[in-house]
2 protein chains.
Amino acid sequence: MKNNITESSKCNAEDFPSVDGLRMTRQRSEVYSVLMSYRDHPTAGEVFERAKENMPTISLATVYNCLEALVQHGAVRQVNFERESSRYCPNLTEHGHFHDEESGKIIDVPLKKGAKLSDLLDLPEGAEIDNLEITLRGKISNN
Amino acid sequence: MKNNITESSKCNAEDFPSVDGLRMTRQRSEVYSVLMSYRDHPTAGEVFERAKENMPTISLATVYNCLEALVQHGAVRQVNFERESSRYCPNLTEHGHFHDEESGKIIDVPLKKGAKLSDLLDLPEGAEIDNLEITLRGKISNN
DNA sequence: TCAATAATTAGAATTATTCTAAAAATAGCT
DNA sequence: AGCTATTTTTAGAATAATTCTAATTATTGA
């Protein structure tokens, strides 16, 4: 079992034939399937490494292109942690990210149902939010 | 009047003689004063340009060094918007940032007093938050 | 004053990402 | 099916922000 993904959770490019208005090429399918299979937060480089296992001829530029296309079509989210390279996230529900300083792990942090951003923040007059990024860094004290 | 800062709001490096445990060199003072004077969110390159007006011999590497020192001593905050170059923020109160897509302006968004993060987010068990970054992107509909 | 330490500097190196231009694939006709 | 236009992929070059290096300068404290 490679990359600590179980066989049962593994899936293939053919499992994702389409994303709304995006033409599904073999490469886009492969990139999308990599993200949907592993369900973590890989960088473009990591996606490239994983994609090459199934599709050894794919290029890094294509991975960047595919990721951009997927992001623009809302199939995947791009998240940034400080100055590190962008990571890609298949979780489309509203959520933030907790970055564990000890393990390095990135954990999705769901927004509470019904909670409103305006309860936490004094938003500027007339602000229309298109995009929200919440990033937390810290430790998990597991007693 | 340059850089839309009024004379009265302008200040000099000598106005900031010390930051807690940080040795205040001329360059660090200058960089700090640039941030405190303009109170916006300049990139390292922009800080460099502004600092050169008073101190033409300062180098970009030094600006990076000074900014890093100031950030590490909690005198200034480093904020990141997507993949853009880091910006530096002199506002030490807890706040997020709203990035206006039309004007490009960055607006500080204060956290509401008494509001708790845990009201908005389902934080992981035992999570200890060292750092919180909230970034909003959108438009201001000014009727 | 002098030695030890720390900061500054210019320029080289690094790294993630984007760009370029050519080749390959695909779609939409007829 | 064949042809043309459009899109995508590709390798490698280019870019840009940041960090590193090694030499110089400044500062501290004995």
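Order of the sequence lines fixes the chain letters, A, B, ..., with proteins taken first and strands second; residue numbering starts at 1 for each chain. No experiment lies behind these values; they were computed from the predicted model shown.
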Annotated protein contacts, base or backbone, on nucleotides 5-19 of chain D with a non-hydrogen cut-off under 4.0 Å, one of B, S, - each: --SSBBB-----SSB
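Taking 4.0 Å as the cut-off between side-chain N and carboxylate O, Arg137(A) and Glu133(B) do not count as a salt-bridged pair. Look at Asp40(A) and Arg50(A) and you find a salt bridge, because one of the NZ, NE, NH1 or NH2 atoms lies within 4.0 Å of a carboxylate O, short of that distance.
Side-chain atoms of Lys112(B) come within 3.5 Å of backbone atoms of Ser118(A) as a donor-acceptor pair (strictly under, hydrogens ignored). A distance-only check finds no donor-acceptor pair linking the side chain of Arg87(B) to the backbone of Gln78(B) [under 3.5 Å]. With hydrogens and angles ignored, the 3.5 Å screen pairs a side-chain donor or acceptor of Glu46(B) with a backbone N or O of Thr43(B). Side chain of Thr62(B) to main chain of Ile58(B): no donor-acceptor pair is present (N/O by atom type, distance under 3.5 Å, no hydrogens or angles).
Residues Val79(B) and Ile129(A) are members of separate hydrophobic clusters, defined by side-chain heavy-atom contacts under 4.5 angstrom among Ile, Leu, Val, Met, Phe, Trp and Tyr. Cluster membership for Ile106(B) and Ile140(B), using ILVMFWY side-chain heavy atoms within less than 4.5 angstrom, is not shared.
For the helix from dT1(C)-dA30(D) to dT30(C)-dA1(D), the axis fitted to the five pairs at one end and the axis fitted to the five pairs at the other end meet at an angle of 30° (nearest 10 degrees).
dA7(C) atom C1' lies 14 Å from atom CD of Gln72(B), rounded to whole Å.
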